[in-house]
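Note: hydrogens, waters and symmetry copies are ignored here, and every other heavy atom, side chains too, is used. Sequential numbering from 1 along the given sequence is applied to the chain's residues.
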Amino acid sequence: MASNRAFTSPRLRRLFCSLFIVAAAVAALGAFGSSDPSGQGSSPERTTAATKIAPWVMEHTANGQQAEFFVVLADQGDLGGAAALPTKNEKGRYVRDVLWNKSQTTQGPLLQWLGERGIEHQSFYIVNAILVKGSREIAEMLATRSDVARVEGNPHIQNSLPQPVPATEGSSQPGAPATIEPGIVYTHAPNVWALGFNGQNIVVGSADTGVRWTHNALKPHYRGWNGVTADHNYNWHDSVHSGGIVCGPDSPQPCDDDNHGSATTGIAIGDDGGANQIGMAPGAKWIACRNMDKGAGTPARYIECMEFFLAPYPVGGNPSQGDTTLAPDITINSWACPTPEGCSVNTLQGAVEAQAAAGIMMVVAAGNAGSSCSNLTDPPSFYAASYTVGALNTGTDSVAFFSSRGPVTVDGSGRMKPDIAAPGTNTRSASNSSDNAYTIASGTSMATPHIAGAMALLWSAIPGFQNQIDPSRAALNNAAVHIASTKCGSAGSPNNVLGWGRVDILSAVTSGTPTPTATPTATATPTPTPEPITLGARGKKVGAINTSRLKWSGATSTNIDVNRDGVVIATTPNDGSYDDSTGTTGQASFLYKVCEAGTQTCSNTVTVNFGP
């Protein structure tokens, strides 16, 4: 455990958490200044504290064992104000600031207490919680505190990932795609492409086993690739800090230790420019966070990736460097945290809700538990904030036998799930074995990225829907091909087998009909954007001043807004180039994008680095 950089030893803690300690010193003295030096409290207090501790923690700290567990603070951030904010940037900044500030002002005494005792720990802010490795005694002492709401486990989960089989390679010759996968066709995505919308200006985040970023169908769509060089900062994070099997721990670049992450990303956005049209939204960009080690996940890994997506930060950096303007619009989540294996029902809930409040559409697999009712039991699939996807037999409107079903009983809600359905059997996509390899697999893991890609198409076609979670979900729901089933309750739409039914993205883009669950504020008439804007950049010294040379193509407006580090620094004629004299000398790094003037139609983000 000591080798895991995610945990903080006393020496590292003093470097990483010094701000916490200084701010919290007085509070810490008060919190631990009682006559009971152990902090364990009286017997009745310890009995009450025991009710805060999850059964998994009690089991795994028996007989002197140590285990990893979350200490969840009672004081959590209130994100209610985010709903009234109109744009993703405003929502994201508000959510991140509320949650970050809450963790900064409340965790100090606990962090100091843990550090003074040499207890390994990791602080989170997307959920106000601290991951601790300790004994039963430590868990009980922490649970006695009034500022601690509960103590929950961090079990290692082995996801049962779909087993792929090799697929015949398609042609890699350039030109118009000759083969569009059947699941893509069945959602009517190609009809949306024909209208001029292919996911342009939308970023999809992959939370999975990683991604083979150099794959021919994935590399052109990676936000960290500008066509010449790769920059993984803000575009990739590895939450696997020990072990790592194929990729090793803390991989500095996207790496997939299984086929799963490459396949799910490919279904959402993949296209090699030749005969391998495997993705729903090939005009979208992708970024990624590895939250499983060849299928092995933990709540901590899951939460760390959700924290990264809320506000991405550089490779090797930390959440204090997070930039919400670089957050993805949509995330693919084809993974689970099974409650029978020790995941508490609500450990992940706050993180999922934070992404939704920030305008990030979290698309989640229903799971592959089979045909029984109420077997949709694994977080995060049953949360209201998750957009949950069931699987169809590809090319039909029949439910795949493995697709999990509602109603949700594990949290007592009786909630209808899944929300919607998509093709999920015999799905061909990218493999991690080589840059031109493909595999075929089945599962709700395959259905989920179909919906993530469909949402990217909706948002590129109707910008007014972008990052408006409830209206966007309602638009897809209302336009779906409703499929009746009495298997697990009412036969209507929605139902607990296939939700609102099979996604029909063409209908969602073109119909604009009223929605049964929310009223969209967006116009239903799409405005074509012929091509995405592509930006490249390089740095040079001009009289010792760091100067960035920007070149772009694909913009159609008269003028262009030049953004440096999230701020418009100039509006310039759309002549394809701009020199930015930064006014700095020596070592520096800047993030650039260009946008159609006065709009959110923007290019990819490019980093320009300057040496000393």
Side-chain angles (χ1 to χ4, degrees), residues 88-89 92 96 199-240 247 250-257 261-262 264-266 268-270 279 281-291 301 304-333 355 358 360 430 432 435 449 452 456 532-538 563-566 589-594 602-609:
K88 178 194 172 193
N89 283 348
R96 195 266 182 183
Q200 60 266 44
N201 305 316
I202 304 301
V203 178
V204 177
S206 169
D208 214 296
T209 61
V211 180
R212 184 182 179 99
W213 79 272
T214 55
H215 194 284
N216 294 339
L218 303 177
K219 184 176 181 178
H221 315 285
Y222 176 41
R223 192 175 69 180
W225 175 250
N226 66 7
V228 180
T229 59
D231 185 351
H232 305 302
N233 293 312
Y234 303 93
N235 300 313
W236 163 254
H237 180 69
D238 192 352
S239 71
V240 177
C247 298
D250 298 314
S251 176
Q253 63 184 13
C255 176
D256 185 1
D257 61 17
S262 298
T264 56
T265 306
I269 57 83
K285 296 294 184 180
W286 65 269
I287 65 174
C289 183
R290 183 165 70 136
N291 69 0
R301 290 173 181 171
E304 187 171 320
C305 280
M306 286 188 271
E307 199 167 83
F308 172 76
F309 286 139
L310 181 64
Y313 46 90
V315 174
N318 64 71
S320 70
Q321 301 167 284
D323 184 349
T324 56
T325 66
L326 296 175
D329 299 287
I330 301 156
T331 63
I332 311 166
N333 299 273
Q355 286 202 92
I360 300 170
N432 73 336
D435 288 343
I533 305 173
T534 302
L535 174 66
R538 63 181 179 87
N563 288 258
R564 184 211 301 151
D565 294 334
S589 181
F590 301 99
L591 290 170
Y592 290 96
K593 65 180 179 180
V594 296
C602 301
S603 70
N604 54 299
T605 299
V606 176
T607 303
V608 178
N609 296 307

**Q** Please identify each residue that fulfils side chain to side chain contact (heavy atoms under 4.5 Å, CB included) with Ala537, with sequence neighbours left out.
**A** Leu550, Val606, Val608
**Q** Not counting sequence neighbours, which residues clear ring pair (Phe, Tyr, Trp, His ring centres under 6.0 Å) with Phe590? List them please.
**A** none
**Q** Using the salt bridge (charged side-chain N to carboxylate O under 4.0 Å, His left out) criterion, which residues pair with Arg212? Sequence neighbours excluded.
**A** Asp435
**Q** Heavy atoms, side chains only, cut-off 4.5 Å: are Val204 and Pro328 in contact?
**A** no
**Q** Arg290 pairs by side-chain hydrogen bond (donor to acceptor under 3.5 Å, both in side chains) with which of Asp208, Asp257, Thr209?
**A** Asp257
**Q** To the nearest 0.5 Å, tell me how far Lys88 NZ sits from Thr325 OG1.
**A** 8.0 Å
**Q** Holding to ring pair (Phe, Tyr, Trp, His ring centres under 6.0 Å), I want the full list of residues that pass it with Phe308, two or more places apart in sequence or in another chain.
**A** His237, Tyr313
**Q** Examine distances only and state if a side-chain atom of Asn333 and a backbone atom of Thr331 form a donor-acceptor pair shorter than 3.5 Å.
**A** yes
**Q** With sequence neighbours left out, what residues match Asp231 under side-chain hydrogen bond (donor to acceptor under 3.5 Å, both in side chains)?
**A** Asn233, Thr607
**Q** Under the side-chain hydrogen bond (donor to acceptor under 3.5 Å, both in side chains) test, which residues partner Asn604, sequence neighbours left out?
**A** none
**Q** CD of Glu304 to CG of Asp238: how many Å apart, nearest 0.5 Å?
**A** 8.5 Å
**Q** Between Val228 and Arg538, is the side chain to side chain contact (heavy atoms under 4.5 Å, CB included) condition met? List the steps.
**A** CA-CA 10 Å; Val228 180; Arg538 63 181 179 87; over 6 Å; no
**Q** Measuring from Arg96:CZ to Leu310:CG, what's the distance to the nearest 0.5 Å?
**A** 8.0 Å
**Q** Taking all non-hydrogen atoms of both residues into account, name the closest pair between Asn235 and Gly224 and its distance.
**A** ND2-CA, 3.2 Å
**Q** Using the test side-chain hydrogen bond (donor to acceptor under 3.5 Å, both in side chains), find all partners of Ser251 that sit at least two apart in sequence or belong to another chain.
**A** none
**Q** Roughly how far, to the nearest 0.5 Å, is the NZ atom of Lys219 from the OG1 atom of Thr214?
**A** 7.0 Å
**Q** Which heavy atom of Asn609 sits nearest to which heavy atom of Ser589, and what is that distance?
**A** OD1-OG, 2.7 Å
**Q** Identify, with sequence neighbours excluded, every residue that meets side chain to side chain contact (heavy atoms under 4.5 Å, CB included) alongside Thr605.
**A** Leu326, Leu591, Lys593
**Q** Show the nearest heavy-atom pair for residues Ala281 and Gly199, with the distance to one decimal.
**A** CB-CA, 4.1 Å
**Q** Closest heavy-atom contact between Leu535 and Ser603?
**A** CB-OG, 3.5 Å
**Q** Could you tell me which residues satisfy side chain to side chain contact (heavy atoms under 4.5 Å, CB included) with Ala217, sequence neighbours excluded, listed by chain and number?
**A** His215, Asp272, Ile278, Tyr438
**Q** If I compare all heavy atoms of Ser206 with all of Gly261, which pair ends up nearest, and what's the gap?
**A** OG-O, 4.2 Å
**Q** Sequence neighbours excluded, which residues qualify as ring pair (Phe, Tyr, Trp, His ring centres under 6.0 Å) partners of Tyr222?
**A** Trp213, His232, Trp286
**Q** Scan for salt bridge (Lys or Arg N to Asp or Glu O under 4.0 Å) pairs involving residues 307-319, sequence neighbours excluded, and state none if there are none.
**A** none
**Q** Closest heavy-atom contact between Ser262 and Asp256?
**A** OG-OD2, 2.7 Å
**Q** Would you please name every residue forming a side-chain hydrogen bond (donor to acceptor under 3.5 Å, both in side chains) with Asn432, sequence neighbours left out?
**A** none
**Q** Could you tell me the separation between the SG atom of Cys289 and the CZ atom of Arg301, rounded to the nearest 0.5 Å?
**A** 11.0 Å
**Q** Are any of the side-chain heavy atoms of Leu218 and Ile269 separated by less than 4.5 Å?
**A** yes
**Q** Between atom CZ of Phe309 and atom CG of Asn291, what is the distance when rounded to the nearest 0.5 Å?
**A** 8.0 Å
